[in-house]
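To start, the structure itself, in structure tokens.
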Amino acid sequence: MHSNQSSGHAGAPLADKIYRPFFISALVTIFTLGCMWGAINLLLIGLEETYHGIDYSWVLAHGHAMVFGFIGLFIMGFSFQALPRFAEISLWNPRLAFSALPLMIIGILLQTVAHLIAPQMPYLLLGIAAGGLQLVAVVIFALVVVRTLQSASVKANTNGFIYTAIGWFLLAAILNPIIFTLFESAATKEDFLFYVSSFNIPYRDIQTLGIAVIMILGVSIHILPRVYGLREPSLRWRKFLLWGVNGAVLFGIISFTLGMVTGVHWWHAANGISYIILLVAAIGTPIQFRLFRRVSDTNRDRSLKFIRAGYLWFIVAMLLLTFGPYYMFSIYLPMTGGENPFSHAYFGAYRHALTVGFIMMMIVGISAKIVPLFSGIDIRKTNSLWIVFILLNLGNTWRITSQIATDFFPKAFDIIGYSGFIELTALALWGYELIKNIRAGRIKP
């Protein structure tokens, strides 16, 4: 049966409009704890001319809000609304699904306060309680999605991506209070540096590569051939993406952590295997879709340019990641004359190419397509979002190039801070358009 037809108006069943509060809450996160706070942090870094010029607790709070509050809430809202439609079934227990939203919001706010007041009590109690609330929210999300998909008469070829992304989400939620405690309760500066250098990168990989990238790949396989008339990836390629990318993320997390904890550098060398697999996935997936071939006029709309740009940024991000060891040892280390072959600027540039370039660009593109659809609006009568597209790509390019340049030219710090506000302007214009389309659907008779 299929009871999720869009009705648009305010009196529609909860399952037909459940994405709205999740998407709106994600937008609120962007303009408070997310991109706004990130832009301010980056401006302060530019003024201080050092990446250590701000309290690291601010960075942790901002990063957590972006992953759980922005990406996480968008994934939840999209999954509750779109996945049942894909399978032509009803959402299982919409009220339980909705209960995940206040739990996530309260948890994120409490965790932010805990980061800001640490090491003043009761920071630890707040941080652990916040982690517990968010874990319950993610468990509810997982239960609702799994029960919904299991009720479908035909199992979709993307279910493996959905289930594994949910698995990564659960793992991140379980680890969240542990990571909080390690980072905020370190007894000495040496302990703090060891914990951050050993566990921050693997934890962020779980969040960005495990949750977001895996989910995006699965959604892309379902949507892109059906919506834009693109080629459907072969069965062999879909299996490679599912097992290869998940395996690469898992192996990368384990090998990096073992390398840091044991001091055996061969583990870091082995980590390069995961980089290569991810790079192959980034390059091969748009080729499989034939993403950059001409699309018929009936299938082309405002969202396609974001999808194409997103996959180009995915390639850029994975090139930066794969090239990273060479950069660190052959360029950065000789240039600085130090003993630590790690450039915060370079790795931050890679991370930004992935999060804003690929993940954010795909969220903007997919939402630009589905929100008018959910609201019963003709997408061809909506804003083209060209200004959003230009500013988002400009800000991301500015951020990545100026950030890497700070390794060579300290003067680059003078301009790096402006990139965040360019991106924030782009997201404000997109958010305005998104809210307008949501409201149009809400009042539609």
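Keep in mind that what you see is a predicted model, and the values were worked out from it rather than measured. Below, each value reflects all heavy atoms present in this structure, side chains not excepted, and no hydrogens, waters or symmetry copies.
Closest heavy-atom contact between V249 and G210: CG1-N, 4.2 Å. The shortest heavy-atom contact between I400 and A349 is CG1-O, 3.7 Å. Closest non-hydrogen pair, P341 versus M328, comes out as O-CB, 3.3 Å. Taking both residues in full, the closest heavy atoms of L149 and K155 are given as O-NZ, 3.5 Å, listed atom of the first, atom of the second, then distance. For the pair P334 and S330, the tightest heavy-atom approach, listed with the atom from each and the gap, is CG-O, 3.5 Å. What you find for I438 and R20 is that their closest heavy atoms are CG2-CG, 3.7 Å.
Residues forming a side-chain hydrogen bond (donor to acceptor under 3.5 Å, both in side chains) with T188 (at least two apart in sequence, or on another chain): D191. Partners of L135 according to the side chain to side chain contact (heavy atoms under 4.5 Å, CB included) rule, which considers only residues two or more places apart in sequence or in another chain, are V139, A173, I174. Remark: E423 engages H352 in a side-chain hydrogen bond (donor to acceptor under 3.5 Å, both in side chains) (not counting sequence neighbours). In this structure Y56 satisfies the side-chain hydrogen bond (donor to acceptor under 3.5 Å, both in side chains) test together with N200, sequence neighbours excluded. S255 meets the side-chain hydrogen bond (donor to acceptor under 3.5 Å, both in side chains) test with N271; sequence neighbours excluded.
F141 is listed as a side-chain neighbour of I75, based on a closest heavy-atom distance under 4.5 Å. Within the 4.5 Å cutoff, the side chain of F306 has heavy atoms near those of the V388 side chain. When side chains are defined from C-beta on, M362 counts as touching S220, because their heavy atoms get closer than 4.5 Å.
Rounded to the nearest 0.5 Å, atoms CG (L427) and CG (L434) are 11.0 Å apart. In this structure, the separation between CG on L175 and CD1 on I179 is 6.0 Å, given to the nearest 0.5 Å. To the nearest 0.5 angstrom, Y327 atom OH is 8.0 Å from Y332 atom OH. Separation of atoms CD1 (I105) and CG (L133) is listed at 12.0 Å; rounding is to 0.5 Å. One finds the CD1 atom of I253 at 4.0 Å from the CH2 atom of W168 (value rounded to the nearest 0.5 Å).
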Mind running side chain to side chain contact (heavy atoms under 4.5 Å, CB included) on L230 and L291 for me, showing each step along the way?
CA-CA 7 Å; L230 300 173; L291 185 58; 3.6 Å; yes
I would like to know whether T208 and V213 meet side chain to side chain contact (heavy atoms under 4.5 Å, CB included); could you show each step before the answer?
CA-CA 6 Å; T208 56; V213 170; 5.7 Å; no
Intermediate values then yes/no, side chain to side chain contact (heavy atoms under 4.5 Å, CB included), R351 and D205
CA-CA 10 Å; R351 190 75 86 191; D205 283 348; 2.9 Å; yes
What verdict does the side chain to side chain contact (heavy atoms under 4.5 Å, CB included) test give for Q288 and R236, after you've listed the backbone C-alpha separation in whole Å, the side-chain angles of each residue and the deciding distance to 0.1 Å?
CA-CA 11 Å; Q288 282 282 315; R236 181 178 297 179; over 6 Å; no
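Other residues, nucleotides and ligands contribute at most 12 non-hydrogen atoms within 6.0 Å of the OH atom of Y418. The number of heavy atoms from other shown groups lying within 6.0 Å of NZ (K239) does not exceed 12.
The only member of Y350, W313, Y311 that meets ring-ring contact (aromatic ring centres under 6.0 Å, His included) when paired with F358 is Y311. I54 pairs in a side chain to side chain contact (heavy atoms under 4.5 Å, CB included) with only one of the listed residues (V59, L43, I40), which is V59.
Using a distance-only test at 3.5 Å, with no hydrogens or angles considered, no donor-acceptor pair links the side chain of Q403 to the main chain of I416. In this structure a side-chain-to-backbone donor-acceptor pair under 3.5 Å is present from S367 to V364. T164 contributes a side-chain N or O that, together with a main-chain N or O of F161, makes up a donor-acceptor pair within less than 3.5 Å. Between the side chain of N246 and the main chain of L242, a donor-acceptor pair closer than 3.5 Å is present. Proximity of a side-chain donor or acceptor of R302 to a complementary backbone N or O of A368 within less than 3.5 Å is detected.
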Side-chain donor/acceptor pairs under 3.5 Å, residues 116-130, sequence neighbours excluded:
from, atom 1, to, atom 2, distance (Å)
Y123, OH, S185, OG, 2.7

Between side-chain atoms of residues 24-39 and protein atoms elsewhere (two or more places apart, or another chain), which donor-acceptor pairs fall under 3.5 Å?
from, atom 1, to, atom 2, distance (Å)
S25, OG, P21, O, 2.7
T29, OG1, S25, O, 2.9
T32, OG1, V28, O, 2.7
T32, OG1, T29, O, 3.3
W37, NE1, N41, OD1, 3.4

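Taking the six-membered ring for Trp and the full ring otherwise, Y19 and F374 have centroids separated by under 6.0 Å. Between F23 and F74, the distance from one ring center to the other falls under 6.0 angstrom.
Residues in residues 390-412 take part in these salt bridge (Lys or Arg N to Asp or Glu O under 4.0 Å) pairs, two or more places apart or across chains: K411-D414. Listed by first then second residue, pairs satisfying salt bridge (Lys or Arg N to Asp or Glu O under 4.0 Å) with a partner in residues 50-66 number zero, not counting sequence neighbours. Identified under the ring pair (Phe, Tyr, Trp, His ring centres under 6.0 Å) test for residues 398-417, with sequence neighbours left out: Y51-F413. Sequence neighbours left out, the pairs with a member in residues 198-222 that pass ring pair (Phe, Tyr, Trp, His ring centres under 6.0 Å) are F86-H222. Note on residues 266-291: pairs passing ring pair (Phe, Tyr, Trp, His ring centres under 6.0 Å), not counting sequence neighbours, are F256-H268.
In this pair, W237 and F240 present their aromatic rings tilted. The plane angle is within the 30 to 60° band. Between W386 and F389, the ring-plane angle classifies as perpendicular under the 30° and 60° cut-offs. Under the 30°/60° scheme for interplanar angles, the aromatic rings of F342 and H344 are found to stand perpendicular.
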